[in-house]
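Down below is the structure, laid out as structure tokens.
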Amino acid sequence: MNSAPRVRKAVIPAAGLGTRFLPATKAMPKEMLPVVDKPAIQYVVQEAVSAGLQDILMITGRNKRALEDHFDRVPVTEQLLEAKGDGDRLAAVQHATKLGDIHYVRQGDPKGLGHAVLRAKTHVGDEPFAVLLGDDLIDERDELLTTMMEVQAKTGGSVVALIEVDPSMISAYGCADIEPIEGEDYVRVRELVEKPSVADAPSNLAIIGRYVLHQRVFDVLEDTAPGRGGEIQLTDALQTLAASDGEGGGVYGVVFRGRRYDTGDKLSYLKAVVTLSCENEELGPDLRKWLGEYTAQLTE
Ligand code: UTP
């Protein structure tokens with residue numbers, strides 16, 4: 001058993017330009033796009049807090065003020081709701097301000113996910129930490145982050161979350177070449193490739209936006225040259241760690257089979273909103289009924 005310290009801090013990179021969502025993201029971060037009745041980023045912060053990670057560092061940039069405002073108090077609105085006796089809305093507004101202890105640092109130039117994670121070096125210090133991407137939502141009914149933290153504690157390395165995708169889709173993701181570990185429900189990652197061609201992909205296991213990383217990743221990122229798209233890729237740094245022994249070496253994978261919603265591009269965002277709205281207690285019954293009638297009319 002490894003004596004790795006407990007994971008206490010979560011890093012949420014949210015400094016990307018969101019070009020796939022232009023023009024919606026011209027003046028607003030894509031992480032603020034509403035999913036049912038909350039911005040996407042609130043689901044991610046809630047997930048970190050539910051896993052026991054109260055200390056959250058958000059990596060932000062230009063045009064990202066709305067993120068800080070969302071997790072701050074709004075005294076005038078709160079007083080108004082209180083005066084009206086609208087307790088439900090008041091609780092909903094205040095909920096976001098009571099989630100964890102959120103810190104912010106700017107990335108400056110968005111030079112890639114690896115570069116964004118490196119901005120967390122001072123805040124994280126000498127301990128393992130979690131990274132949660134704001135455009136990947138994991139259903140709160142399914143467990144992932146806690147399992148990944150357990151694997152990190154056990155192995156002392158870094159841990160990625162993997163999903164099985166249709167082989168034709170693998171070039172949209174980072175891809176992992178893995179080997180099973182006897183008696184364990186996690187795998188060893190031999191190699192990671194960012195967005196391989198379908199023919200070159202070593203598997204159909206795609207990396208999704210949850211990581212639990214050993215702090216050694218910071219030193220590796222400092223020496224990682226820009227890769228695909230001219231950006232400093234986290235996948236490239238993890239590839240270095242996968243091939244490395246010694247303290248903090250080794251990358252492991254947890255294959256996630258639960259519900260995940262991708263909100264990073266327009267079509268998958270729309271699917272996420274429809275799926276989660278249909279499952280919503282308050283809105284679901286009416287929406288499902290309407291959707292049934294609407295789709296029937298489309299196929300008439
Ligand atoms: P994406 O690859 O989705 O990039 O980043 P993006 O810029 O947000 O979106 P598109 O592709 O232009 O539409 C994955 C995650 O990494 C963060 C993003 O905010 C997102 O959560 N990121 C990416 C940064 O924080 N900084 C970067 O330089 C790049």
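Whatever order the structure lists ligands and atoms in, that order sets their numbers, starting from 1. Residue indices begin at 1 and follow the sequence shown.
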Should the proximity of [X] to ligand 1, defined as any heavy atom under 4.0 Å, be assigned to the side chain, the backbone, both, or neither?
{"X": "A116", "result": "side chain"}
{"X": "E231", "result": "neither"}
{"X": "K30", "result": "side chain"}

Donor-acceptor contact present, side-chain Q107 to main-chain G112, <3.5 Å: yes

Main-chain N/O of R106 paired with T60 side-chain donor or acceptor, under 3.5 Å: no

Go through ligand 1 atom by atom and flag the ones less than 4.0 Å from a non-hydrogen atom of [X].
{"X": "Q107", "answer": "24 (C), 25 (O), 26 (N), 27 (C), 28 (O)"}
{"X": "L17", "answer": "6 (P), 7 (O)"}
{"X": "E31", "answer": "19 (O)"}
{"X": "K111", "answer": "28 (O)"}
{"X": "P110", "answer": "28 (O)"}
{"X": "G112", "answer": "26 (N), 27 (C), 28 (O), 29 (C)"}
{"X": "D135", "answer": "3 (O)"}
{"X": "G134", "answer": "21 (O)"}

Among all protein heavy atoms, pick out the one at the shortest distance from [atom]; state its residue, atom name and that distance to 0.1 Å.
{"atom": "atom 20 (C) of ligand 1", "result": "P13 O, 4.0 Å"}
{"atom": "atom 19 (O) of ligand 1", "result": "G16 N, 2.9 Å"}
{"atom": "atom 25 (O) of ligand 1", "result": "A15 N, 2.9 Å"}
{"atom": "atom 14 (C) of ligand 1", "result": "L133 CD1, 4.1 Å"}
{"atom": "atom 12 (O) of ligand 1", "result": "T19 OG1, 2.5 Å"}
{"atom": "atom 13 (O) of ligand 1", "result": "R20 N, 2.7 Å"}
{"atom": "atom 16 (O) of ligand 1", "result": "L113 CD1, 3.5 Å"}

Candidate pair I178 and R190, rule side-chain contact (heavy atoms from CB on, under 4.5 Å), full reasoning: CA-CA 5 Å; I178 58 113; R190 276 194 294 238; over 6 Å; no

Spatial distance of atom CD1 (I163) from atom CZ (R210) [nearest 0.5 Å]: 11.5 Å

S171 OG to K195 NZ distance, which is reported to the nearest 0.5 Å: 10.0 Å

Sub-4.5 Å side-chain heavy-atom contact between Y186 and V255: no

Heavy-atom check, side chain of V105 versus side chain of L57, under 4.5 Å: yes

Donor-acceptor pair between T146 and E143 side chains, under 3.5 angstrom: yes

Closer than 4.0 Å: a protein non-hydrogen atom to atom 5 (O) of ligand 1: no

cation_pi(K38, Y43) dist<6.0 Å, angle<=45: yes

Criterion side-chain contact (heavy atoms from CB on, under 4.5 Å) on H95 and Q42, from CA distance to verdict: CA-CA 10 Å; H95 180 64; Q42 188 171 331; 3.4 Å; yes

Parallel, tilted or perpendicular, as decided by the 30° and 60° cut-offs, for the rings of H123 and H103: tilted

Sequence-distant partners of T77, side chain to side chain donor-acceptor pair (under 3.5 Å), two or more places apart: none

Contact check, G18 vs ligand 1, heavy-atom distance below 4.0 Å: yes

